[in-house]
Each structure stands twice: as structure tokens, then as C-alpha cells.
Novice: 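Attaching a single structure in C-alpha cells format; questions to follow.
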4 protein chains.
Amino acid sequence: MPRSKDEAKVIAIFDATLSVVMKTGFNGLKMADVAKKAGLATGTVYLYFKNKEALINALYLHLKTEKTQAFMLAYNPTDDFKTAFTKLWQRYFDISLAEPERMLFIEQFTYTSYLTRKTKEKGDALLYPLFEFLQEGIRKRKIKNIPLPLLISQLMGPIFEIVKLHYNKKIKVTTSVKKSLLELAWKSVSR
Amino acid sequence: MPRSKDEAKVIAIFDATLSVVMKTGFNGLKMADVAKKAGLATGTVYLYFKNKEALINALYLHLKTEKTQAFMLAYNPTDDFKTAFTKLWQRYFDISLAEPERMLFIEQFTYTSYLTRKTKEKGDALLYPLFEFLQEGIRKRKIKNIPLPLLISQLMGPIFEIVKLHYNKKIKVTTSVKKSLLELAWKSVSR
Amino acid sequence: MPRSKDEAKVIAIFDATLSVVMKTGFNGLKMADVAKKAGLATGTVYLYFKNKEALINALYLHLKTEKTQAFMLAYNPTDDFKTAFTKLWQRYFDISLAEPERMLFIEQFTYTSYLTRKTKEKGDALLYPLFEFLQEGIRKRKIKNIPLPLLISQLMGPIFEIVKLHYNKKIKVTTSVKKSLLELAWKSVSR
Amino acid sequence: MPRSKDEAKVIAIFDATLSVVMKTGFNGLKMADVAKKAGLATGTVYLYFKNKEALINALYLHLKTEKTQAFMLAYNPTDDFKTAFTKLWQRYFDISLAEPERMLFIEQFTYTSYLTRKTKEKGDALLYPLFEFLQEGIRKRKIKNIPLPLLISQLMGPIFEIVKLHYNKKIKVTTSVKKSLLELAWKSVSR
DNA sequence: GATGAATGAGTATTCATTCAT
DNA sequence: AATGAATGAATACTCATTCAT
């Protein structure tokens with residue numbers, strides 16, 4: 001959690017951290033590198049974050065919050081379910097692909113011993129609106145009645161994999177690919 | 001690569017490494033801990049693996065090979081496609097869930113700077129039989145004609161997510177859950 | 001090469017290194033000992049020198065440069081050749097005997113795998129002024145016309161041996177001994 | 001000191017040690033390398049030498065003894081002094097140049113913390129016949145009356161340097177070079 | 001005697017964190 | 001607040017020596 005008001009530096013540190021993690025992996029993350037990349041002195045980073053763990057946890061929540069918010073913006077309560085589903089899926093897909101590093105950071109973070117129980121809970125809570133939406137779909141008998149975590153796994157799991165392939169330049173995601181994937185997703189969960 | 005013939009020690013080291021990684025995360029992996037857990041002296045580990053990176057890469061390939069082989073054993077070429085698909089999916093699901101640590105190790109490893117290009121390629125090559133099988137399904141018009149990596153993402157992505165939830169005790173995977181998931185999978189990729 | 005400006009620390013490290021090497025031999029040289037002797041933390045030494053090899057190479061050049069400069073200061077171009085020779089020989093002898101450790105470090109270093117080709121070349125280059133001087137003596141027919149490396153071997157070889165004997169307290173170098181040795185040196189190379 | 005009778009293995013170990021030291025310096029000397037080079041198992045070396053220090057000390061004495069003996073063979077008591085001096089100098093020079101590694105090993109060893117007082121004394125004692133010879137020369141007023149260690153330094157110092165240059169391929173030692181050096185040597189010590 | 005796998009103390013080096021300026 | 005030099009605990013790896021076969 002930032003200790004100061006200089007929001008610009010916080011952002012610079014976040015960007016630098018993300019960049020270093022994506023280039024070197026989580027185990028290549030050195031505070032000195034983050035500082036240098038952010039254009040700051042090593043000690044300065046510690047003015048904004050208590051320690052490495054705090055920095056990583058803060059970044060995680062920052063990214064997850066940003067992403068979730070951006071994604072839920074696509075939700076219009078007046079849309080019928082399938083339309084809403086389509087919009088949300090597409091937005092989620094677009095966001096993930098546009099900034100794969102953010103998504104991959106979040107993924108990787110899950111595996112790290114840096115993860116705090118508190119951070120994890122906060123992160124999970126962010127998905128609450130999505131839970132609500134899907135719950136609604138079940139109630140309306142638009143999608144299958146299976147536990148929400150499974151539904152979400154079914155929807156997000158493939159996207160994670162696609163993003164990895166895309167990030168590693170194993171595939172090229174065209175409009176038709178995207179259309180196919182949406183179809184697969186809908187077909188798998190819809191009634 | 002082992003320098004001697006004592007295969008038992010190699011296995012002991014593999015087991016110890018996996019155990020330490022799962023308990024402490026990838027950045028908590030210390031060679032001394034591996035040695036102790038394996039009941040060996042530190043130096044002995046280095047008789048079998050040149051260094052930490054080599055150990056991790058070897059373990060990765062070992063796990064991935066084992067898993068892939070175990071999983072492809074479920075394949076019977078005389079089965080009709082849907083039966084074969086069902087058996088393979090179930091086997092993959094069972095294996096992943098039965099030994100989540102192995103699967104999670106493989107996943108985590110991907111994000112590590114320890115990953116060698118060569119190892120990555122070898123690991124990818126293991127999936128070749130699966131590619132063959134799915135290709136066959138496409139030819140027979142049993143499943144949708146979309147690029148194989150996408151198909152595999154669609155099938156494996158959800159399983160990865162489920163395993164994580166299961167490992168973190170967020171869900172309990174019952175027979176009916178498993179049945180539902182198989183249905184989702186088949187519905188999403190079948191024609 | 002120092003990364004910062006605190007020249008005092010560089011000197012402290014050099015002194016500590018020399019002292020440790022002379023007390024324990026080259027294979028007793030431990031970075032931790034150097035740091036402690038220099039009154040610094042282990043890591044600090046690494047702020048100033050990339051690694052052990054770099055430290056040793058730097059010290060070698062430092063000592064050789066210092067010694068060569070101090071010794072060539074005795075050279076006065078207006079002196080006639082024999083006078084100049086005498087002054088230089090005496091200065092070299094005095095310096096070597098006054099600080100045998102420096103000379104012995106330089107000698108020992110030569111046998112070490114730490115020696116970098118680059119360092120060796122730089123060190124050799126320092127003797128250039130001496131080559132010039134002797135070349136001049138040959139031209140003026142004051143000393144024998146034999147290849148310079150041989151001449152230098154003839155002059156320095158005995159001094160190295162004397163310093164060793166002196167350092168190991170096998171002999172006591174009196175004024176008359178010094179006088180004798182100078183005579184031997186001059187007699188051997190003069191025409 | 002060898003513990004067994006298999007002289008051939010002792011020689012193989014000596015040769016291997018010498019070779020490794022010359023290739024990698026004294027600090028690159030590893031018992032495993034010696035064993036491999038000698039065509040033996042690591043443990044076997046320890047059957048012949050108590051430990052590394054013992055091996056090095058034994059090799060030192062072996063080399064120094066061999067060399068001194070080979071060299072003193074050139075001495076014929078019936079020769080007049082100058083003839084004897086010439087023969088001895090030439091023999092010493094030839095031997096040193098023919099097997100520079102042996103000479104350099106002896107030199108390097110002096111700087112090592114492995115050196116045992118006892119070994120040192122034994123090594124020094126080997127030069128006793130040479131002391132006798134030079135003492136005789138002083139008595140007969142053939143050479144200058146200065147302390148024997150100084151005389152020996154004056155004679156051997158240059159040779160050591162020449163061997164180093166030769167070994168490092170900095171000079172080529174021709175017959176005329178050798179002749180010059182002998183002259184320098186004689187001129188410097190003779191009356 | 002011979003082997004070479006096993007041992008584990010020893011060491012160079014790194015890097016999160018602190019603190020004097 | 002900002003700096004970056006300094007710290008020293010932590011850790012990968014080595015290698016002399018031992019010992020079971």
C-alpha cells in the first residue's frame with residue numbers, strides 16, 4: 001500500500017515491476033531492477049512499499065481491480081442474457097489479449113509464496129459481480145446449473161491458455177478465431 | 001541427466017524437489033532442502049544433476065512425460081471417436097486431479113526463468129499423439145474444424161482451473177461434477 | 001574497477017587483500033577475510049570489484065604501476081648512463097626490499113589462473129620506459145648488445161631471489177651486500 | 001610419501017599433478033583431476049598419498065632431487081674451476097629449459113601454503129654440494145667472496161626468468177643466446 | 001589394493017533491506 | 001522525500017576426503 005501521495009511514482013513502480021517480472025520470471029524479480037526501470041533509487045521504492053511482498057501484492061490487486069472493472073463496464077443490465085454474455089466474454093477476451101502481461105502476472109502470482117491470504121480474498125471478491133451475473137443466468141435457465149466456480153473455470157480457462165499461446169507467438173488470433181472461441185464458450189455453458 | 005546408475009536416487013531427488021516446490025513455491029526451492037528431503041548430502045544432488053536449472057528442467061520433462069504417457073494409455077484406436085474422446089478426457093482429468101502437484105509444477109515451471117528452450121520444445125513434442133487424435137476427429141467431422149492449439153486450450157484450460165480450485169480446497173469434485181465438466185467439454189468442441 | 005568514488009575503500013580493500021595473501025598464500029584468500037580486514041561488509045567489496053578475479057587483477061596492476069612509477073622516478077635523463085643505471089638499480093632494489101610483500105604478490109600472481117591476458121599485457125607494458133633506457137645503453141655501447149628481455153632477466157632475476165631470501169629471513173641485507181650486488185649486476189651487463 | 005610399492009602409479013600421479021598444476025595454476029589443482037589424468041580412481045591417489053599436501057610436498061622433493069642430481073652429474077672434481085663452473089651452469093641451464101614445467105612447479109610451490117617446513121629444509125639441503133663447489137671457488141679466489149646465498153641468487157635468478165620467458169614463448173633460446181648468458185653469469189661472479 | 005559414489009564443510013556471490021546524507 | 005552506498009544473511013555450488021563394495 002502506498003505510503004505517499006505521489007501517485008505517479010507508484011504507477012512507475014507498478015509498470016517497472018510488471019515489466020521485470022514478464023522479462024525474467026517471478027524468480028528474476030530484483031528490487032534494484034525495479035527501481036532502475038522506474039527511474040528511481042532503490043531506497044525510494046521502499047518509501048512507497050514496505051517490502052517486496054507488499055509491492056507484489058499491491059500490484060496484483062491493482063491489476064486485478066483494473067481489469068475487472070474494465071471488463072464489467074461492458075455489462076449493461078438491460079441487455080438480454082445472451083447479449084450480455086457475448087459482450088462480457090468479448091470484452092474479457094479483448095482485454096486479456098491486449099495486455100497479456102497483466103493477465104499473466106496475475107496468473108503467475110497465484111503460484112508465488114508472496115501471496116497473502118488477505119490479498120487472495122480481496123482478489124477473489126472482485127469477481128463477485130460476475131458471480132451475480134452468472135447466477136442470474138442460471139436462474140433464468142440460460143446456462144447450465146452447475147457450481148459457479150466450475151462455470152467460471154470453463155469460461156476463463158481456455159482464455160488463459162489462448163493468451164499464453166498468443167504471448168508466446170504460437171498462434172495468431174484473428175477475428176474468425178475469436179468468433180469460433182466465443183461459440184465454443186457459449187455452446188459449452190448454455191442450455 | 002543422471003551420471004550414475006542409481007535410478008532410485010534420481011527418483012528420490014525428483015520427489016523431494018516436487019514436494020519442496022509445492023510446499024514453498026518456486027522461489028522457496030533450495031538445493032539443501034531438496035537434498036535433506038531426499039535423504040542425501042548436498043553434493044550428491046550435484047552428482048545427478050549439474051545444477052539447479054538442470055534439476056528443474058529434468059523434473060519438468062519427467063513429470064510431463066509420465067503424465068502424457070499415463071494419459072495416452074487410455075487411448076484405444078479401435079474405439080469410436082466419442083468413446084475415445086471420453087476416455088481420454090476422463091483419464092486426463094483423473095490424473096490431473098489425483099496428482100495436482102505434478103500438474104501445478106508443470107504450470108509454474110512455465111513461468112520460471114529456469115525454463116530452457118530445449119526443454120520447452122521437448123515438452124511440447126510430447127503432446128504430438130494428442131494432436132494426431134484430434135486431427136483425426138476433425139477429419140471425421142466429429143469435432144469442430146478449428147486450429148488444434150485452440151481446441152487443446154479449450155479442453156485443457158478448464159481442467160487446469162479446476163485443479164487449482166481443487167488443490168486450494170475451493171471446490172469438491174464429485175462424480176456428478178466430473179460428469180458435468182465432461183459434458184461441457186464435449187459440447188463445446190463437438191460438431 | 002571501482003564503481004563509486006570512495007577511493008579510501010578501494011585502498012583499504014587492496015591493503016587487506018595483500019595482507020591476507022601474504023599471510024595465508026594465494027589459496028587462503030577468502031573474500032570474507034578481505035572484507036573483515038578492510039572493515040567492510042562482504043557485499044561492499046563487491047560494490048568495488050565485480051568478483052575475486054577482478055579484485056586480484058586490479059590489485060596486481062595497482063601494485064605493479066605503483067612500483068614501476070616509484071622506481072622510474074629515480075631516472076634523471078641528464079645523468080650519464082652508468083650513474084642512471086646505478087640509481088635505477090638501487091631504487092629498484094630498495095623498493096623491492098622495503099616492501100617485499102608487494103613484489104612477492106606480483107610474482108605469485110603470475111602463477112595463478114586468475115591472471116587475465118589483458119592484465120598481463122597491461123602489466124608488461126609498464127616496463128616500457130625501462131626497455132627504452134636499456135636500449136639507449138646498448139646504442140651508446142655502455143652495455144652488452146643482447147636482447148632486452150635477457151638483459152632484464154639478468155638484472156631482475158637476482159633481485160627477486162634476494163628478496164625471497166630476505167623475506168624468509170635467510171639473509172640480512174647490509175649496505176656492503178647491496179654494494180656487492182650492484183657490482184655483480186653492473187659487471188655482468190656492462191661492456 | 002608413497003604407501004605402496006607400485007612405483008609406476010606414483011610416477012603417474014606425479015606426472016598428472018605436474019601437468020594439472022602447469023595447466024591450471026596451483027589454485028586449479030583438484031585431486032579428482034589428478035586422478036583422472038593419471039588414469040586412476042580418486043580414492044587410489046589417497047592410497048599413495050595421505051592427502052593433497054603430502055602429494056604436493058612429495059612431488060616437490062621428487063622434482064628437486066631429480067633435478068639436483070641430474071645437474072650435479074655434470075661435476076667432475078678433476079676439472080679446473082672455470083671448466084667445472086661452465087659445465088655446471090650449462091647443465092643447469094639445459095635441464096631447466098628442457099623441462100621448464102618441473103622448474104616452474106618448484107618455484108610456484110615456494111609460494112604455496114602447502115609448503116611444509118620439513119620439506120623446505122630437505123629441499124634446501126639438496127643444494128649442499130653446490131654450496132661446497134662455490135665455497136671452493138671462493139677459497140681458490142676464482143669467484144667473488146660474497147655470501148653463498150647471494151652468489152646462488154645471482155646465478156639462478158636470471159635462469160628462472162629466462163625459463164619463464166621461454167615457457168611463455170616470449171623468447172627463443174638459441175645457442176648464441178645461451179653463450180651470452182653464460183658469459184654474463186661468469187662475468188658477474190668471477191674475480 | 002582399487003574403485004568412484006557419497007559426503008558435507010567451506011566459499012564466492014547475490015540481493016532485500018537499511019540508513020547516513 | 002529521495003538517494004544509493006553499505007550491509008550481511010542466505011544460498012548455489014565445489015572439492016578434499018572417506019568408505020562401502
Side-chain angles (χ1 to χ4, degrees), chain A residues 3-6 9 27-36 38-56 114, chain B residues 2-6 9 27-36 38-56, chain C residues 2-6 9 27-36 38-56, chain D residues 3-6 9 27-36 38-56 114:
Chain A
R3 289 179 180 174
S4 111
K5 307 263 165 53
D6 193 341
K9 287 213 180 67
N27 58 334
L29 179 61
K30 289 161 212 163
M31 294 299 269
D33 289 349
V34 168
K36 186 185 286 184
L40 300 171
T42 324
T44 307
V45 176
Y46 284 85
L47 294 176
Y48 290 84
F49 300 94
K50 193 176 148 243
N51 53 32
K52 190 173 171 178
E53 180 178 302
L55 164 57
I56 297 177
Y114 293 119
Chain B
R3 289 183 188 166
S4 94
K5 323 199 185 67
D6 193 342
K9 288 215 179 65
N27 46 1
L29 179 60
K30 288 159 218 163
M31 295 301 268
D33 289 349
V34 168
K36 189 183 287 184
L40 301 170
T42 325
T44 307
V45 176
Y46 286 87
L47 291 180
Y48 289 84
F49 300 95
K50 197 175 146 253
N51 54 31
K52 191 173 168 179
E53 178 178 307
L55 165 57
I56 296 177
Chain C
R3 287 182 189 166
S4 95
K5 322 198 185 68
D6 194 344
K9 290 217 179 61
N27 46 0
L29 179 59
K30 289 159 216 161
M31 294 301 268
D33 289 349
V34 168
K36 189 183 287 183
L40 300 170
T42 326
T44 308
V45 175
Y46 286 86
L47 292 180
Y48 289 84
F49 300 95
K50 197 175 146 252
N51 54 32
K52 191 173 169 179
E53 179 177 306
L55 165 58
I56 296 176
Chain D
R3 289 178 181 175
S4 110
K5 307 264 165 52
D6 192 340
K9 289 213 180 65
N27 58 333
L29 178 61
K30 290 162 213 165
M31 295 299 269
D33 289 349
V34 168
K36 186 185 286 184
L40 301 170
T42 323
T44 308
V45 176
Y46 284 85
L47 295 176
Y48 290 83
F49 299 95
K50 194 176 147 243
N51 55 30
K52 191 173 171 179
E53 180 179 301
L55 164 57
I56 297 178
Y114 293 119

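A note on names: the letters A, B, ... follow the listed sequences, proteins ahead of strands, and every chain is numbered from 1.
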Novice: Measure the distance from CG on B/Asp6 to P on F/dA20 and round it to the nearest whole Å.
Specialist: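 Result: 16 Å.
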Novice: Using Watson-Crick or G-U wobble geometry with both distances below 3.5 Å, tell me the partner of F/dT14, or none.
Specialist: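 F/dT14 is paired, partner E/dA9.
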Novice: If you look at every heavy atom in D/Tyr48 and D/Lys9, which pair is closest and at what distance?
Specialist: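 Taking every non-hydrogen atom into account, OH-CD, 3.6 Å.
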Novice: What is the distance, to the nearest angstrom, from the CG atom on D/Asn51 to the C1' atom on F/dC15?
Specialist: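 D/Asn51 atom CG is separated from F/dC15 atom C1' by 14 Å.
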Novice: Whether the side chain of D/Lys52 engages the backbone of D/Leu29 through a donor-acceptor N/O pair (distance < 3.5 Å, no angle test) should be reported.
Specialist: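 Here the side-chain-to-backbone pair exists.
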Novice: Looking at D/Thr44, I'd like to know whether one of its side-chain N or O atoms comes within less than 4.0 Å of OP1 or OP2 on E/dT3.
Specialist: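 So the side chain of D/Thr44 is within the cut-off, an N or O lying under 4.0 Å from OP1 or OP2 of E/dT3.
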Novice: Nearest 0.5 Å, what's the CG-OG1 distance between B/Asp33 and B/Thr42?
Specialist: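 Between B/Asp33 CG and B/Thr42 OG1, I get 10.0 Å after rounding to 0.5 Å.
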Novice: For A/Leu29, report the nucleic acid contact type (base, sugar-phosphate, nothing); a contact means any heavy atom under 4.0 Å.
Specialist: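 Touches sugar-phosphate only.
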Novice: According to the Watson-Crick and G-U wobble definitions, with both distances under 3.5 Å, which nucleotide is paired to F/dT21?
Specialist: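 Paired with E/dA2.
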Novice: Where do C/Leu55 and C/Met31 land on the side chain to side chain contact (heavy atoms under 4.5 Å, CB included) test, with the steps shown first?
Specialist: CA-CA 10 Å; C/Leu55 165 58; C/Met31 294 301 268; 4.1 Å; yes
Novice: Looking at C/Lys9, does any N or O in its side chain come under 4.0 Å of the phosphate oxygens OP1/OP2 on F/dA5?
Specialist: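 The answer is no; no side-chain N or O of C/Lys9 sits under 4.0 Å from OP1 or OP2.
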Novice: Given atom NZ of C/Lys52 and atom P of E/dA12, what is their separation to the nearest angstrom?
Specialist: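 Distance check: C/Lys52 NZ to E/dA12 P gives 4 Å.
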Novice: May I have the distance from A/Asn27 (atom CG) to F/dA12 (atom C1'), rounded to whole angstrom?
Specialist: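 Going from CG in A/Asn27 over to C1' in F/dA12 covers 14 Å.
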Novice: Assuming nearest nucleotide by heavy-atom distance, tell me which of D/Leu40 and C/Met31 is located more 5' along DNA chain E.
Specialist: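 Looking at the nearest nucleotide for each, D/Leu40 comes out on the 5' side.
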Novice: If you find the nucleotide of DNA chain E closest to D/Ala41 and the one closest to B/Ala41, which residue's nucleotide is nearer the 5' end?
Specialist: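 Nearest-nucleotide comparison on DNA chain E picks D/Ala41.
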Novice: Counting only side-chain nitrogens and oxygens, does A/Tyr48 get under 4.0 Å of the OP1 or OP2 atom of F/dA2?
Specialist: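 Checking A/Tyr48 against F/dA2: at least one side-chain N or O falls below 4.0 Å of OP1 or OP2.
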Novice: Could you tell me how far apart D/Glu53 (CD) and F/dT17 (C1') are, to the nearest whole angstrom?
Specialist: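 Roughly 14 Å, once rounded to whole Å.
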Novice: Rounded to whole Å, please give me the gap between CG in A/Asp33 and C1' in E/dA16.
Specialist: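 One finds 12 Å between C1' of E/dA16 and CG of A/Asp33, rounded.
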Novice: If I take atom NZ in residue A/Lys30 and atom P in nucleotide E/dT14, what distance separates them, rounded to the nearest angstrom?
Specialist: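 One finds 9 Å between P of E/dT14 and NZ of A/Lys30, rounded.
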Novice: Restricting to non-hydrogen atoms, name the atom on D/Tyr46 and the atom on D/Asn51 that form the minimum distance, rounded to 0.1 Å.
Specialist: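 That would be CE2-CA, 3.9 Å.
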Novice: As a test of reading the structure: which of E/dT13, E/dT18, E/dA6 is closest to the side chain of A/Tyr46, going by heavy atoms?
Specialist: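 Of all the options, the side chain of A/Tyr46 is nearest to E/dT18.
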Novice: Name the residue closer to the 5' end of DNA chain F, choosing between D/Thr42 and C/Gly43 according to the nucleotide with the nearest heavy atom.
Specialist: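 That would be C/Gly43.
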Novice: Take the protein atom CG of B/Leu55 and the nucleotide atom C1' of F/dT11, then report the distance between them rounded to whole Å.
Specialist: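 One finds 15 Å between C1' of F/dT11 and CG of B/Leu55, rounded.
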